[in-house]
A.B. asks: 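Questions regarding the structure given below will be posed in turn.
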Amino acid sequence: MVSPAPERREEILSTAAEVFAAQGYNATTVRKIADAAGMLAGSLYYHFDSKESMLDEILASFLSELWARYDAVLAAGLGPRETIEALVTESFREIDQRRAAVAIFQRESRHLQGHPRFGYLADSQHGFEKAWLGTLERGVAAGVFRTDLDVRLTYRFVRDTVWVAASWYRPGGQHSPEEIARQYLSMVLEGIALRT
């Protein structure tokens, strides 16, 4: 048996990600993915055993890439403000490169966490929370961020306002991901930075 071409497999995953992002996992059928990929539904099974497998691969590769970016930031020994700036910038870069996967993660992860195959989603959510909350707490303790800052509320605000960009951001638009991050950070950090 000839193995499927990796380029075609990636094209199918990219198409599936766009369909899942636009229609939601439950509303997406193998036939819809196949139609969007320009192939017969049965031909998809040459590449993947189910739509669940496609979704799993999309989400697992997205999170692996994002965690590689985040781990590099967290290991860099930056101060709290610089760490927040770098995490936000890496988040916008990930939205730029994998917008559909980010949208799927935002829309579907809570529901999918209940399935054993997607247990890693809850682990990632916990890891995100730990990284962001730890950085914010470190900033409050160091006097970089306000002492009256509710770090959990701030984390939720920053997380949600960054990731919702996947719903409107389009790669190749007027602003680069770095420019969007810079403007976003300018708005956010003036609200949480220590006033002198």
A.B. asks: Identify, with sequence neighbours excluded, every residue that meets side chain to side chain contact (heavy atoms under 4.5 Å, CB included) alongside S176.
C.D. replies: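 For S176 the side chain to side chain contact (heavy atoms under 4.5 Å, CB included) partners, ignoring immediate neighbours, are E178, E179.
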A.B. asks: Test of understanding: with side chain to side chain donor-acceptor pair (under 3.5 Å), list the residues that count as partners of T89, not counting sequence neighbours.
C.D. replies: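 Once residues adjacent in sequence are excluded, T89 has no partner under the side chain to side chain donor-acceptor pair (under 3.5 Å) criterion.
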A.B. asks: What pairs meet the ring pair (Phe, Tyr, Trp, His ring centres under 6.0 Å) rule with one or both residues in residues 9-31, with sequence neighbours excluded?
C.D. replies: F20-Y25
A.B. asks: Tell me every residue that passes side chain to side chain contact (heavy atoms under 4.5 Å, CB included) with E82, counting only those two or more places apart in sequence or in another chain.
C.D. replies: L78, E85
A.B. asks: According to side-chain hydrogen bond (donor to acceptor under 3.5 Å, both in side chains), does anything in residues 155-171 pair up with another residue at least two apart or in another chain? List the pairs.
C.D. replies: D96-Y169, T161-Y184
A.B. asks: Does F62 have any ring-ring contact (aromatic ring centres under 6.0 Å, His included) partners at least two apart in sequence or in another chain, and if so, which?
C.D. replies: F105
A.B. asks: Only pairs at least two apart or in different chains count here, so list each salt bridge (charged side-chain N to carboxylate O under 4.0 Å, His left out) that has a residue in residues 53-62.
C.D. replies: R9-E57, D56-R117
A.B. asks: For K51, which residues count as a side chain to side chain donor-acceptor pair (under 3.5 Å) partner, sequence neighbours excluded?
C.D. replies: none
A.B. asks: Do any pairs count as a salt bridge (charged side-chain N to carboxylate O under 4.0 Å, His left out) and have a residue in residues 124-144, sequence neighbours left out, and if so which ones?
C.D. replies: E129-R152
A.B. asks: Going by the rule ring-ring contact (aromatic ring centres under 6.0 Å, His included), which residues pair with H111 if we only count those two or more places apart in sequence or in a different chain?
C.D. replies: H115
A.B. asks: Would you check if there is a donor-acceptor pair between the side chains of S61 and S64 at a distance under 3.5 Å?
C.D. replies: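 Looking only at side-chain atoms, S61 and S64 do not form any donor-acceptor pair under 3.5 Å.
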A.B. asks: Can you pull the salt bridge (charged side-chain N to carboxylate O under 4.0 Å, His left out) pairs that have at least one residue in residues 98-114, sequence neighbours excluded?
C.D. replies: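 Listed once each, the pairs are E18-R99, E65-R98, E94-R98.
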A.B. asks: Who passes side chain to side chain donor-acceptor pair (under 3.5 Å) against S91, sequence neighbours left out?
C.D. replies: Y70
A.B. asks: Identify the two heavy atoms, one from A36 and one from T15, that lie closest to each other, and give their separation to 0.1 Å.
C.D. replies: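 Answer, listing the atom of A36 first, then T15: CB-CG2, 3.5 Å.
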